[in-house]
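Note sheet for the following structure.
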Amino acid sequence: MSPLDMGTALLRQMDAERAHEMAIAGLRYLPLGVPKDDPILPTRVAGLDLPNPVGLAAGLDKNAVAIRGLAGLGFGFVECGSVTPRPQTGNPRPRLFRLEEDRAVINRMGFNNDGLEAFADRLAHRPPGVVVGANLGANKDADDRIADYETGLRRLGGLADYLTVNVSSPNTPGLRGLQTVEALEPLLARIQAARPKDRPVFLKIAPDLSDADIGRIVEASLQYGLDGLIVSNTTLDRPETLRSAHAAEAGGLSGAPLKDRARRALTAAVEAADGRLPLIAVGGIADGAEAYARIRAGASAVQLYSALVFEGPGLVRRIKADLVARLKADGFSTVAEAVGTAR
């Protein structure tokens, strides 16, 4: 077991949020040392040149303080946030729970972060050579939540390599309502007006939407010039198979129990997009087999977060090694060649 994996085992003995804080503190000071990827792994998604298709999902590095260490773990891209225009403390603790028996996490963090200005300053001084995304949220007490997204797009447009509009967190009351038919077009029209012209903008959607709603989001995203969808966020669903004592906690569920629901949402998005819109798959990805399955299902890249809690930081390298082996075994010479081949 590597020192990093040993550290992960120790962190799992702590309170979940305290362990998260300690992990970020440690990652801040890891040397950059980005490993060189196999030549089969580089890929291009929405104009972004990625050294590999395995990214970090938003939520781990909310304040963009540990980009150096996270890149050193081998991620092809790192998404920081969610960040809101004004700092906010989030929901009362406890608000983060490990479901050990289920290989899952429930969080009701509530967009706790240091605010847009601190985030922007850190991005301005980030290490070179790392593809970094900014995940944008809205303040809980905002009178106009769409205006919060506009503020984030304008402030970070020249600092992040891509921006993600997160309207799918279940932990800010009413936020998911921006995905409804009535709210979606005004949201996307204002995003289109505020967005930087030289940076991709993605929309992150919930896994709890119907296939028809996902289809409408795809069409609206194409109409208003979004560059891709991230499919998907945490779920409010509670499968009957959950065994942990924390299973009834309020908040978004992620990790292994999310896998089937995230797969279904991806399938709906792939069918609706039909190759017209890049998709990034998230939710329940914990090994190379699942990452490869999502790529072959139609995702151009994948993201993970919760699996790191249980599998340790060496997971990223293991997934990449498995992807290389599977791509070569199936006769592909690039990741892009494999996208959507299982349809």
Please report the shortest heavy-atom distance between [X] and [Y], naming the atom on each side.
{"X": "V339", "Y": "A299", "value": "CG2-O, 3.6 Å"}
{"X": "Y149", "Y": "L187", "value": "CD1-CD1, 4.3 Å"}
{"X": "F310", "Y": "A104", "value": "CZ-O, 3.3 Å"}
{"X": "A64", "Y": "R122", "value": "O-CB, 3.5 Å"}

Can [X] and [Y] be counted as an ion pair, charged N to O under 4.0 angstrom?
{"X": "R263", "Y": "E290", "value": "yes"}
{"X": "D15", "Y": "R98", "value": "no"}
{"X": "R18", "Y": "E21", "value": "yes"}
{"X": "R176", "Y": "D208", "value": "yes"}
{"X": "D38", "Y": "K320", "value": "no"}
{"X": "R261", "Y": "D237", "value": "yes"}
{"X": "D148", "Y": "R86", "value": "no"}
{"X": "D330", "Y": "R326", "value": "no"}

TODO: Start with the C-alpha gap between E271 and R276, add the side-chain angles, then the distance that decides, and say whether salt bridge (Lys or Arg N to Asp or Glu O under 4.0 Å) holds.
DONE: CA-CA 10 Å; E271 291 178 355; R276 297 174 295 164; over 6 Å; no
Open item on the list: Would you say CG of D143 has more than 12 non-hydrogen atoms from neighbouring residues, nucleotides or ligands within 6.0 angstrom?
Closed with: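 Atom CG in D143 is not packed in, count stays at 12 or less.
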Would you mind reporting whether [Y] and [X] have side-chain heavy atoms less than 4.5 Å apart?
{"X": "L315", "Y": "L304", "result": "yes"}
{"X": "N91", "Y": "N171", "result": "yes"}
{"X": "P53", "Y": "V302", "result": "no"}
{"X": "L41", "Y": "P51", "result": "no"}
{"X": "R126", "Y": "D161", "result": "yes"}
{"X": "I40", "Y": "L323", "result": "no"}
{"X": "S300", "Y": "T43", "result": "no"}
{"X": "R238", "Y": "I106", "result": "yes"}

So, [X] side chain and [Y] main chain: donor-acceptor pair closer than 3.5 Å or not?
{"X": "R108", "Y": "L96", "result": "no"}
{"X": "E337", "Y": "S333", "result": "yes"}
{"X": "R199", "Y": "Y162", "result": "no"}
{"X": "Q179", "Y": "S168", "result": "no"}

Task: Worked check of salt bridge (Lys or Arg N to Asp or Glu O under 4.0 Å) between R195 and D227 - done: CA-CA 11 Å; R195 61 166 294 169; D227 298 283; 2.7 Å; yes
Open item on the list: If hydrophobic clusters are built from ILVMFWY residues whose side chains come within less than 4.5 Å, do V316 and I24 share one?
Closed with: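 Yes, it is one cluster - the side chains of V316 and I24 are joined through contacts under 4.5 Å.
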TODO: Consider only side-chain heavy atoms of I, L, V, M, F, W and Y, link residues closer than 4.5 Å, and tell whether V78 and L48 are in one cluster.
DONE: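 No; tracing contacts between hydrophobic side chains, which count when under 4.5 Å, never links both residues.
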- [ ] From the options T84, N63, N135, select the one residue that forms a side-chain hydrogen bond (donor to acceptor under 3.5 Å, both in side chains) with N113.
- [x]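 Result for side-chain hydrogen bond (donor to acceptor under 3.5 Å, both in side chains) with N113: T84.
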Task: Polar side chain donor-acceptor pair, N166 to N233, under 3.5 angstrom - done: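 Their side chains do contain a donor-acceptor pair, which is all the 3.5 Å distance test asks for.
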TODO: First locate atom CZ of F77, then atom CG of L56, and finally report the distance between them rounded to the nearest 0.5 Å.
DONE: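 Here the interatomic distance stands at 9.0 Å.
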TODO: Measure the spacing between CG of D121 and CG of L116 and express it to the nearest 0.5 Å.
DONE: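 Going from the CG atom of D121 to the CG atom of L116 covers 11.5 Å.
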Task: CA sep, side-chain torsions, deciding dist, call: F119, L156, side chain to side chain contact (heavy atoms under 4.5 Å, CB included) - done: CA-CA 9 Å; F119 191 98; L156 300 178; 3.8 Å; yes
